[in-house]
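Only one structure is covered here, and it is reproduced in the block below.
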Amino acid sequence: REVGGFELRDRVLALAARDQSLREAALAEQRLQRMQVQIVEALSAAILVIDRDRIIKTTNPAAEEILGVSARDVGAVIDDTSLLRRFAALGRAIHTVAKGGDALTLEGERITGFDERLVDVLVTPFGDEMAESGSRGVLVVADDVSEAVATKSRLIQTERLAAIGRMAAH
């Protein structure tokens with residue numbers, strides 16, 4: 001029988017094909033999401049995703065090692081964690097970026113409670129929507145640069161000693 005110029009059978013087949021296409025797209029999206037999770041989990045840099053309501057949405061294993069924020073903190077308000085008490089500059093950067101400011105970089109910052117740990121941190125907007133409260137999501141990427149800074153310091157010290165040795169030899 002014809003319906004609007006199409007046979008009913010043709011319409012059913014077209015709907016079945018569209019349904020199959022949507023299922024395949026959903027499976028591809030799930031695979032992509034799993035891959036993204038694997039990438040974030042494997043990064044050596046700490047990752048924190050904080051939504052516009054200041055709730056921690058994502059962390060990775062490096063976030064626990066570098067910042068002391070773990071998967072247990074997902075779902076908590078960032079202000080309720082010990083991180084901002086131990087790293088006040090990060091709290092100020094998150095607030096500034098969340099309220100519409102540009103991305104901020106913190107270099108060579110110390111986190112209270114971690115002996116001799118220095119971190120470089122990027123705080124950048126995440127997502128494009130501002131909440132009615134005038135706030136937006138934030139992505140925090142932190143890298144432990146303690147070893148690099150220590151190595152640079154040792155190199156500078158070695159160069160100074162070599163210079164002193166050269167001057168003494170003349």
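Only a predicted model underlies this, so the values are computations on that prediction, with no experimental measurement involved.
Atom CD1 in Ile50 sits 4.0 Å away from atom CD1 in Ile78 (nearest 0.5 Å). The CG atom of Leu13 lies 10.5 Å from the CD atom of Glu7; values are rounded to the nearest 0.5 Å. Remark: Leu22 CG to Glu29 CD distance equals 11.5 Å, nearest 0.5 Å. Between atom CD1 of residue Ile111 and atom CG of residue Leu83 there is a gap of 6.5 Å, rounded to the nearest 0.5 Å. Ile94 CD1 to Arg54 CZ: the interatomic distance, rounded to the nearest 0.5 Å, is 6.5 Å. Once rounded to the nearest 0.5 Å, the distance linking CG of Leu139 with CG of Leu122 reads 7.0 Å.
The minimum heavy-atom distance linking Ala93 with Leu106 is given by the pair CB-CD1, 4.2 Å. When all heavy atoms are compared, the tightest approach of Ala46 to Ile66 is N-CD1, 3.8 Å. For Arg110 against Phe87, the heavy-atom pair with the smallest separation is O-CD2, 4.2 Å. In plain terms, the two heavy atoms of Asp79 and Leu84 that are nearest each other are OD1-CD1, 3.6 Å.
Take Asp80 and apply the salt bridge (charged side-chain N to carboxylate O under 4.0 Å, His left out) test, not counting sequence neighbours, and it matches no residue. With sequence neighbours excluded, no residue forms a side-chain hydrogen bond (donor to acceptor under 3.5 Å, both in side chains) with Thr124. For Pro125, the side chain to side chain contact (heavy atoms under 4.5 Å, CB included) test picks out Val97, Ala103, Arg136, with sequence neighbours left out. In terms of the side-chain hydrogen bond (donor to acceptor under 3.5 Å, both in side chains) criterion, residue partners of Arg23 (sequence neighbours excluded) are, by chain and number, Asp19, Gln20. Scanning for salt bridge (charged side-chain N to carboxylate O under 4.0 Å, His left out) contacts around Arg18 gives an empty result, with sequence neighbours left out.
At a threshold of 4.5 Å between non-hydrogen side-chain atoms, the residues Thr59 and Ile47 do not count as touching.
Grouping the Ile, Leu, Val, Met, Phe, Trp and Tyr side chains by contacts below 4.5 angstrom, directly or via other members, places Leu48 with Val74. Linking ILVMFWY side-chain heavy atoms closer than 4.5 Å, directly or via other members, places Val49 and Ile55 in two distinct hydrophobic clusters.
Among residues at least two apart or in separate chains, there is no side chain to side chain donor-acceptor pair (under 3.5 Å) pair with a member in residues 40-51.
Side-chain atoms of Arg85 come within 3.5 Å of backbone N or O of Thr81 as a donor-acceptor pair. In this structure a side-chain-to-backbone donor-acceptor pair under 3.5 Å is present from Thr96 to Arg92. Between the Asn60 side chain and the Ala63 main chain, a donor and an acceptor come within less than 3.5 Å of each other. Of the possible polar contacts, one joining the Asp120 side chain to the Gly108 backbone as a donor-acceptor pair under 3.5 Å is found.
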